[in-house]
Protein chains: 2
Amino acid sequence: MAKVLYLTVVEDIKKKIMDGLIKPDDMLKSESELMKEYSVSRMTLRKSLSLLSNEGYIYSVPGKGNFVRKPETDIFQFRFSDYDSLDCETDEIKLISVRVEEPDPETRFSLGMKYGEQIVILERLSFCGHKPVAFEIVISPYIPNRPVVEDKLNFANYSKALESRLAFSIRKELEITLIKAPGNIEKRLEISPGEVVFQINKKIIKKESNQTLTISKFYIKKEFYSIKAGTPEEDDSKKIF
Amino acid sequence: MAKVLYLTVVEDIKKKIMDGLIKPDDMLKSESELMKEYSVSRMTLRKSLSLLSNEGYIYSVPGKGNFVRKPETDIFQFRFSDYDSLDCETDEIKLISVRVEEPDPETRFSLGMKYGEQIVILERLSFCGHKPVAFEIVISPYIPNRPVVEDKLNFANYSKALESRLAFSIRKELEITLIKAPGNIEKRLEISPGEVVFQINKKIIKKESNQTLTISKFYIKKEFYSIKAGTPEEDDSKKIF
DNA sequence: TAGTGGTCTAGACCACTTC
DNA sequence: AAGTGGTCTAGACCACTAA
């Protein structure tokens with residue numbers, strides 16, 4: 001199949017694992033044995049083992065050997081972005097307000113801010129078929145001298161721009177719950193009292209310092225959100241070796 | 001910091017990317033230039049590039065060069081397993097029924113089965129605080145001569161065992177929606193008419209053939225499910241190089 | 001044709017585990 | 001002391017891209 005040596009080795013070992021010839025926590029043959037078995041050099045063999053390791057098939061213990069990994073199949077992946085996550089065609093996103101104010105103590109704490117520092121609050125309403133379906137609140141520390149409140153529209157893209165510049169040093173967390181809509185959300189989304197909505201809390205966190213940079217809260221009408229998730233794919237396009 | 005050559009290279013290039021010295025789709029210096037810059041051999045440098053590639057920082061185009069990748073930060077991961085995904089302590093899982101029957105046409109189609117072949121249906125109810133919170137239906141093709149209907153409890157673990165044997169050759173898909181509970185679910189979960197529940201459809205699919213092996217449907221009381229998800233972590237423990 | 005990345009080899013030295 | 005995996009080198013040949 002594969003004309004490349006290290007890939008034929010990978011495929012053969014994968015097959016042996018999938019056929020149950022070697023089971024989780026079994027030790028593979030030693031690298032020197034495998035070199036002979038496949039007639040490849042050490043580096044080539046180790047490239048194969050590296051691939052298998054990256055794909056979760058094996059792990060290695062220095063001084064001992066390489067072992068078959070217990071597979072992990074309960075992890076799922078999905079995509080969530082601020083704009084295209086609704087189960088409908090968004091025909092308008094209305095900017096409700098952008099303002100700078102004093103944070104309440106809880107927010108100040110989550111954002112790791114000092115007393116006296118202010119926050120920017122952005123509120124946005126998304127429409128499908130000319131009806132409101134999602135309300136979004138974005139909270140970030142206010143850093144003076146940025147084109148924020150002065151130009152509302154700029155700010156709408158500001159956080160995206162900022163984010164893409166920081167992209168490699170941030171991590172995001174999501175919390176999806178179903179809650180009874182608070183009064184103001186009921187009004188914004190024009191739903192009946194007591195009705196439930198999806199609440200999605202998003203945090204953008206700086207990897208190194210674990211500092212929270214931005215907090216977002218989405219409230220989505222229950223009919224307009226669902227999740228499709230799947231086992232992570234091995235993205236071979238990303239690999240060099 | 002790192003005493004290993006290839007890691008110091010990785011860290012330095014990461015830093016340059018995060019500091020914005022090289023931006024998405026910019027080309028890195030050629031490998032021979034980088035070899036000189038860091039005074040390392042070709043293979044060592046390429047190990048570094050491989051790592052950067054695996055972690056999503058760069059990609060490479062043969063004959064041209066290595067480029068900085070546009071970062072992806074809208075992908076989230078979470079865990080879902082049949083047993084520990086409820087927002088409460090499960091104190092009982094009651095096996096409601098296990099039976100073999102003729103599939104309806106839709107199910108037969110999804111499972112890629114021939115006319116005349118039968119399916120096994122398992123139904124299970126989970127309790128928290130002695131109240132029903134989740135109802136689960138698992139549907140698989142019936143393969144005669146397996147300890148299935150003959151021993152209900154065995155079957156409960158059967159699918160897990162089967163799955164772990166196949167683990168490396170399967171993939172799973174999840175679909176999470178909020179629906180009005182069907183009549184039988186209302187009864188099972190003891191909820192009021194018209195109330196919404198989470199519906200989670202799970203498919204287990206064979207990677208090679210794309211054949212669906214098992215379909216599961218979970219119905220969970222809306223108060224007892226939520227999702228915590230986050231940006232995938234680079235799992236260095238899995239790496240050999 | 002010259003430069004780029006992709007594959008592969010044969011050796012070397014190290015730290016760690018096992019006996 | 002012998003065997004294991006982890007790091008590193010210097011060179012080789014190839015396919016691809018660009019001028």
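For B:Ser41, the listed nucleotide lying nearest its side chain is D:dC8; candidates were C:dA10, D:dC8, C:dG6. Residue B:Lys47 has its side chain nearest to D:dC8 when only C:dC8, D:dC8, C:dG6 are considered.
Interface residues of residues 32-40 of chain B facing DNA chain C, ordered by number: B:Ser32; criterion, heavy-atom separation under 4.0 Å.
The CG atom of B:Leu52 sits 14 Å away from the P atom of C:dG5 (whole-angstrom rounding). Between the CG atom of A:Leu5 and the C1' atom of C:dG6 there is a distance of 13 Å, rounded to whole Å. Atom-to-atom, CD1 of A:Ile58 to P of D:dT4 comes out at 15 Å; the value is rounded to the nearest Å. Regarding B:Leu51, its CG atom lies at a distance of 13 Å from the C1' atom of D:dG6, rounded to whole Å. Rounded to an integer number of Å, the gap from A:Met43 CE to D:dG5 P is 15 Å. If you take CD of A:Glu31 and P of D:dT7, they are 11 Å apart, rounded to a whole angstrom. Atoms CG (B:Asn66) and C1' (C:dG6) sit 11 Å apart, rounded to a whole Å. One can place CG of B:Leu45 at 10 Å from P of D:dT9, the figure rounded to the nearest angstrom.
Side chains of B:Thr107 and B:Ser110: a donor-acceptor N/O pair is absent below 3.5 angstrom, by distance only. A donor-acceptor contact under 3.5 angstrom links the side chains of A:Thr73 and B:Lys172, judged on distance only. Side chains of B:Asn66 and B:Arg46: a donor-acceptor N/O pair is absent below 3.5 angstrom, by distance only.
Between C:dG6 and B:Ser60, a contact under 4.0 Å exists linking OP1 or OP2 to a side-chain N or O. For D:dT4, one of the phosphate oxygens OP1 or OP2 lies less than 4.0 angstrom from a side-chain nitrogen or oxygen of A:Ser30. For D:dC8, neither phosphate oxygen OP1 nor OP2 lies less than 4.0 angstrom from any side-chain nitrogen or oxygen of B:Tyr6.
To the nearest 0.5 angstrom, B:Ile176 atom CD1 is 11.0 Å from B:Gln199 atom CD.
Remark: B:Tyr225 pairs with B:Phe198 by the ring pair (Phe, Tyr, Trp, His ring centres under 6.0 Å) rule, at least two apart or across chains. Considering only residues two or more places apart in sequence or on other chains, B:Phe109 meets the ring pair (Phe, Tyr, Trp, His ring centres under 6.0 Å) condition with none of them. Legend: residues meeting ring pair (Phe, Tyr, Trp, His ring centres under 6.0 Å) with B:Phe80, ordered by chain and number and at least two apart, are B:Phe218.
Contact check on B:Lys14 versus B:Glu55 returns a salt bridge, with a Lys/Arg side-chain nitrogen under 4.0 Å from an Asp/Glu carboxylate oxygen.
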Can you give me the N/O atom pairs linking the protein to nucleotides 12-17 of chain C at distances under 3.5 Å, or say none if there are none?
none

Kindly list each side-chain donor-acceptor pair under 3.5 angstrom involving residues 20-28 of chain A, sequence neighbours excluded, with atom names and distances?
residue	atom	partner	partner atom	Å
A:Asp25	OD1	A:Tyr59	OH	2.7
A:Asp25	OD2	A:Lys70	NZ	2.7
A:Asp26	OD2	A:Lys23	N	2.9

